[in-house]
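Worksheet: one structure, shown below.
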Amino acid sequence: MKVIIRRMRFSDVEEVSTLEKEIFSNPWSKYSIMQNLFHSDVCFSFVAEVDKKIAGYAFTWIVRDELHIGNIAVKKEMRRKKIAESLMKKIIEKGRIYGCSYAYLEVRKSNEAAISLYKKFGFVKNGVRKRYYPDNNEDAIIMFKYYKNKKK
Ligand SMILES: CC(C)(COP(=O)(O)OP(=O)(O)OC[C@H]1O[C@@H](n2cnc3c(N)ncnc32)[C@H](O)[C@@H]1OP(=O)(O)O)[C@@H](O)C(=O)NCCC(=O)NCCS
């Protein structure tokens with residue numbers, strides 16, 4: 001299976017928005033997705049393409065030396081095929097190229113799959129945001145990964 005990771009385009013918005021609604025209980029609106037594309041100097045949004053269809057995507061932001069991973073998702077029937085890993089490799093590499101000191105993200109406390117993915121990439125728990133998710137008041141775990149050879 002060939003997975004192509006590339007920057008998200010405006011022509012991807014419909015497909016990404018459909019996936020977003022399938023995957024998340026509080027999906028981002030099309031407008032929010034587009035806002036990221038308009039600010040492509042700080043917002044780095046990627047898709048994973050398999051057979052010319054979008055199988056996964058990620059939204060990230062780089063501000064100064066911080067890389068923030070806002071979201072990463074893979075279509076249900078395409079999971080456990082290392083698509084998220086391919087997206088993560090691209091994201092982490094982007095941060096390295098931009099000279100980031102660290103990457104961070106928030107993840108639902110109960111999201112074992114995502115937490116396991118992030119741990120695999122060297123992220124460690126760094127704090128908790130209490131009742132962060134408004135749909136069910138679930139806590140978010142904050143996870144950080146420091147780039148090597150950068151000051152903490
Ligand atoms: C989390 C998610 C992105 C993983 O995508 P994926 O393409 O299936 O993941 P991969 O196949 O690349 O797996 C990479 C690693 O992630 C972890 N992982 C993925 N799915 C997992 C699961 N169901 N249970 C436990 N660990 C899992 C494992 O560490 C895995 O490594 P391994 O295969 O060596 O065990 C996917 O489950 C998803 O889209 N979930 C819904 C959206 C979401 O919750 N996103 C995170 C928001 S913070």
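Just so you know, residue 1 is the first one in the sequence shown, and it goes up from there. Whatever order the structure lists them in is the order used to number ligands and atoms, beginning at 1.
- Residue contact check: K120 has heavy atoms under 4.0 Å from atoms 29 (O), 31 (O), 32 (P), 34 (O) of ligand 1.
- Taking the ring centre of F46 as origin, the terminal cationic atom of R6 falls outside the region bounded by 6.0 Å and 45° from the ring axis.
- Contacts of Y118 with ligand 1, taken as heavy-atom pairs under 4.0 Å, involve the side chain alone.
- Near A84, meaning under 4.0 Å from one of its heavy atoms, ligand 1 places the atoms 3 (C), 4 (C), 5 (O), 6 (P), 7 (O), 9 (O), 12 (O).
- Within ligand 1, the atoms closer than 4.0 Å to a non-hydrogen atom of S116 are 17 (C), 26 (N), 28 (C), 29 (O), numbered from 1 in the order shown.
- Between F44 and Y98, the ring center distance clears the sub-6.0 Å criterion.
- Between E15 and K53 there is no salt bridge, since none of the side-chain N atoms of the basic residue sits less than 4.0 Å from a carboxylate O of the acidic one.
- Using a cutoff of 4.0 Å between basic side-chain nitrogens and carboxylate oxygens, K90 and E93 are not scored as salt-bridged.
- The shortest N or O to N or O distance between I23 and ligand 1 is not under 3.5 Å.
- Residue-level proximity to ligand 1 for L105 is absent, since no heavy atom of it falls below 4.0 angstrom.
- Counting only heavy atoms of the protein, atom 18 (N) of ligand 1 lies nearest to A113 O, 3.6 Å.
- Per-residue contacts place K81 under 4.0 angstrom from the following atoms of ligand 1 (heavy atoms of the residue considered): 11 (O).
- Heavy atoms from other residues, nucleotides or ligands lying under 6.0 Å from CG of D135 number more than 12.
- Considering only non-hydrogen atoms, atom 13 (O) of ligand 1 lies nearest to E85 out of K89, E20, E85, E106.
- Residue contacts with ligand 1 for R79 involve both N, CA, C or O and side-chain atoms from C-beta outward (heavy atoms, distance under 4.0 Å).
- N71 places a side-chain heavy atom less than 4.5 Å from the side chain of E20.
- Using a 4.0 Å cut-off between a side-chain N of Lys or Arg and a carboxylate O of Asp or Glu, E138 and R131 do not qualify as a salt bridge.
- Considering backbone and side-chain atoms together, A73 places no N or O closer than 3.5 Å to any N or O of ligand 1.
- Nearest to atom 44 (O) of ligand 1 by heavy atom, out of V107, I69, N111, V3, is N111.
- The side-chain heavy atoms of R9 and D12, taken from C-beta on, include a pair separated by under 4.5 Å.
- Protein heavy atom in closest approach to atom 39 (O) of ligand 1: V74 N, 2.8 Å.
- Less than 4.0 angstrom separates some heavy atom of L117 from each of these atoms of ligand 1: 14 (C), 15 (C), 16 (O), 17 (C), 29 (O).
- Nearest non-hydrogen protein atom to atom 46 (C) of ligand 1 is I72 O, 3.4 Å.
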How far apart are the C-alpha atoms of R129 and E106, what are their side-chain angles, what is the distance that settles it, and do they pass the salt bridge (Lys or Arg N to Asp or Glu O under 4.0 Å) test?
-> CA-CA 8 Å; R129 293 195 206 284; E106 287 95 8; 2.9 Å; yes

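- The environment of CD in E77 is crowded: more than 12 heavy-atom neighbours from other residues, nucleotides or ligands sit within 6.0 Å.
- For the pair A114 and ligand 1, the shortest N or O to N or O distance does not fall below 3.5 Å.
- Considering backbone and side-chain atoms together, R80 places an N or O closer than 3.5 Å to an N or O of ligand 1.
- A ring pair (Phe, Tyr, Trp, His ring centres under 6.0 Å) with H68 is found for one member of W61, F59, Y102 and no other, namely W61.
- In this structure, of K82, M78, E22, the residue bringing a heavy atom nearest to atom 33 (O) of ligand 1 is K82.
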